[in-house]
Amino acid sequence: GKDNFTYIWQTRNLEKELKAFNKLYDFRKVSVFVDEKAVSTVSAQKGKNLIDSLSMKLNAELSIIPVGANLEEVVNQLPLETDATYFTVLLNQSDIQIKQLINQLNARKIPTFSGNARLLDYGVLGSMANENDLQQVIRKLSIMVDGITSDADLSSLSVTLDSKENLYVNVATAGKIGVSIPFEVLFTATLIGTDESGVKSYTFEEIADKSLEANLNIQISYQDVERSKIRVKTAKASVLPSIESGLTATQINEERASAAFNSPEKSLTAGLTFTQLIYSEQAIATIKIARYLEKAQEFNTEAEVLKVLFDTYKAYLNVLSAKTNVLIQRDNLFSTRKNKELADIRVKIGTSYKSDRFRWESELALASQSVIEAQTTLLTAKLQLNTLVANTLESEFDVDDISIEGDLFNAINKGVYTDIVKSPESLRLVSDFLVIESQTHNPNKQALLENINAANRQFMQSKRLLYVPTVALQAQTSQILARDGVGSTVDASAMALGITELQDNSWLAGISLSIPIFDGFSRKAAIQQSKISLAQLDNSQTLLDQNLELGVRAGVLSLLRTSTNIRYSKVASQSAQENFELVQEYYKQGQVSITQLIDAQQTALQARLVSAFSIYDYIQAHLQLEFNVGAFTMLMPEDQLLDFNNRLLQYINNQN
């Protein structure tokens, strides 16, 4: 309003910042700290109108608290039930005094907010940090100079400096005062004060070790192996000797009792029975089948370990992908905010329509939602990883990133596949070798072969039972320990038969041979069932071989694709980012439309995501290939790895 005079004014938008504070913490009674010397420069009525208006918009009670040299008075002036405080710029207080005030408020667990980002270091909960730099000041001066050269009146020029702001939250303060940060703020704001050193970060190898030790599927599968061993012992028990003893007390009626027939009225008899199976096709087959099934279970357990490890590796890579996605989506959100601010400036100076501003508000909402989705995806990925290691990780944990320069990537990238696959012919040879390896050494295939052996033995048993007998030896002895009543002593009738002494001991021994003559055609039905089972297993073997071959050949091609994608996606990302920055500059100058800038931004975003994920895709492709083959080379002992490499080189030399 002064003739021939203008200036640049950087001010705070109190309403905007209090709304941001309200998102962070749902307050009801807010005290606004204002320098006591500044209070006197503001019209009391205007100040009251502003406070009343903000109170109505925020549905909260606001009050002004003047801040002087005596900070104890400031704290004592807080109205009852004050649950939040806001710091304006306090010019007459030292940093030490302001920090003391913040500490007192934090001790009372009263959330604080400031328009001054510097106070975040002193313990303020949140701030709409100003990110203005010299370029903005120069741009503002240029706009003013352009207005002056166009004969604009200095007294009527806009003096407000357009600020780029972002919500910052002090996580350490939130924990200290017991404030739970809402997800929307947690996912989109910039967090400071996080204690990264206190969060355990796990390496690729550490997660694999934890999975092997704690995964419940692996533990269950090991228990299945133990059960199969017990089944073998149970089967063997049928061909081992059996000895039984017994004690029998009997009483019969007097009329039946007779010493002549060695039948006392009362008796106590001990018995011992010995049985030994000499030959039984069913018992022998049961043992052999149990052994085959035991081996099959061991291979199934090996396959389960392989699967769990692969799932764990994938979950680890998913966490890394999700972390990277969060960082990239946050950067995209920042770029969208910047573009919206550019649109606001263009609208103010009349070089763009309001539709640009509305479009960027829409893009900003979408970018914010993308950040939230990325954060929730990261949380889900961490939950899945923790589940695979039986929830043995801390509630807050991190995983180490994998870079092109890292040992893990170099170990995989410099493997035998990479060294050999240089042409379509070498690709075919390596694929052929890995197909053979998978169909020979994959634990799922080996388990299926053991099941086929068991089914064959079952079929043989069913046929042999048609004509092969079962032979057993049995011996038995009994001893009468006590007699009483009628017939317990030699009487006249017994003596008449020449019996002078009662016999207390008896025994027998014999060999039994049995063969079923007719059992309702159950043996023929068993033969038919065995034939069907063998046919099914044969089809399963063919199907498994086909699936393994498909997985290996597709895996080799995927490994080739992802290895080249690392280099090309990096070039594409760099070019897309440079193009975006160039289009953004042209947009500032009004030379391109908003559609062109949005397209450039989205292209840069997608190219950056593809480039960032390319390393993880390559490692996962490598792991997927080795999973189909049936072993992870990075877990092989040196001798096994050397043997594997020698087999590959020998195969290629033989083919050439």
Side-chain angles (χ1 to χ4, degrees), residues 20 117 120 126-133 135-136 162-169 171 181 183-194 196 317-345 359-379 381-382 398-399 401-404 566 569-588 592 594-617:
L120 286 167
S127 174
M128 288 295 288
N130 193 322
E131 299 172 358
N132 288 312
D133 54 23
Q135 292 297 321
Q136 283 189 282
D162 296 298
S163 61
K164 296 185 295 182
E165 297 173 328
N166 184 29
L167 177 59
Y168 281 73
V169 178
V171 177
I181 304 172
F183 280 118
E184 183 178 356
V185 175
L186 190 65
F187 291 160
T188 57
T190 301
L191 306 180
I192 66 169
T194 54
E196 298 293 340
L317 295 173
N318 287 340
V319 172
L320 289 180
S321 298
K323 279 178 57 180
T324 302
N325 188 37
V326 168
L327 295 176
I328 294 175
Q329 294 295 347
R330 281 184 176 275
D331 288 345
N332 184 63
L333 177 60
F334 174 80
S335 296
T336 305
R337 285 196 185 113
K338 182 178 179 180
N339 290 336
K340 180 183 178 299
E341 290 157 3
L342 293 176
D344 290 339
I345 294 173
R359 177 63 188 275
W360 281 118
E361 287 178 353
S362 173
E363 291 294 323
L364 188 60
L366 293 174
S368 299
Q369 181 60 28
S370 295
V371 171
I372 293 174
E373 290 177 358
Q375 289 278 9
T376 54
T377 300
L378 174 58
L379 294 176
K382 285 188 173 183
D398 201 358
V399 294
D401 201 356
I402 301 172
S403 64
I404 295 179
I566 293 176
S569 63
K570 183 178 180 180
V571 174
S573 177
Q574 291 173 345
S575 299
Q577 183 62 30
E578 291 173 0
N579 176 68
F580 168 56
E581 293 172 358
L582 188 62
V583 174
Q584 191 178 52
E585 184 62 32
Y586 288 158
Y587 181 73
K588 292 180 186 177
V592 298
I594 184 175
T595 303
Q596 290 172 290
L597 179 55
I598 291 175
D599 288 344
Q601 181 178 349
Q602 289 299 317
T603 300
L605 171 64
Q606 294 304 318
R608 187 179 175 190
L609 288 171
V610 171
S611 178
F613 295 161
S614 62
I615 298 175
Y616 312 138
D617 291 342

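In this structure, the side chain of Arg330 engages the main chain of Ala189 through a donor-acceptor pair within 3.5 Å. At distances below 3.5 Å, not a single donor-acceptor pair connects side-chain atoms of Ser573 with backbone N or O atoms of Ser569. Using a distance-only test at 3.5 Å, with no hydrogens or angles considered, no donor-acceptor pair links the side chain of Ser575 to the main chain of Ala572. Asn339 places a side-chain N or O within 3.5 Å of a backbone atom of Ser335 that can act as its donor or acceptor partner. Between the Ser611 side chain and the Ala607 main chain, no donor and acceptor come within less than 3.5 Å of each other.
Side chain to side chain, Glu578 and Gln574 fail the donor-acceptor criterion of an N or O pair below 3.5 Å.
In the displayed structure, Gln584 atom CD is contacted under 6.0 Å by more than 12 heavy atoms of other residues, nucleotides or ligands.
Put simply, CG on Leu379 and CG on Leu186 are 8.0 Å apart, with the number rounded to the nearest 0.5 Å. With values rounded to the nearest 0.5 angstrom, Thr190 atom OG1 is found 4.5 Å from Tyr168 atom OH.
Salt bridge status for Lys588 with Glu585: present, with a side-chain N to carboxylate O gap under 4.0 Å. For the pair Glu363 and Arg359, the salt-bridge criterion is met [side-chain N within less than 4.0 Å of a carboxylate O]. Residues Lys323 and Asp398 are paired through a salt bridge, judged by an N-O separation under 4.0 Å between the basic side chain and the carboxylate.
Side chains of Lys382 and Val399 form no contact here, defined as non-hydrogen atoms less than 4.5 Å apart. Looking only at side-chain heavy atoms (C-beta outward), Asn325 and Thr377 stay at 4.5 Å or farther from each other. A 4.5 Å side-chain heavy-atom check between Ile372 and Phe183 finds every atom pair outside the cut-off. Side-chain contact between Tyr616 and Asn318 is absent, with no heavy-atom pair separated by less than 4.5 Å.
Among Glu361, Glu341, Gln601, the one residue that satisfies the side-chain hydrogen bond (donor to acceptor under 3.5 Å, both in side chains) test with Thr336 is Gln601.
Closest approach of Trp360 to Ile598, counting heavy atoms only: CH2-CG1, 3.6 Å.
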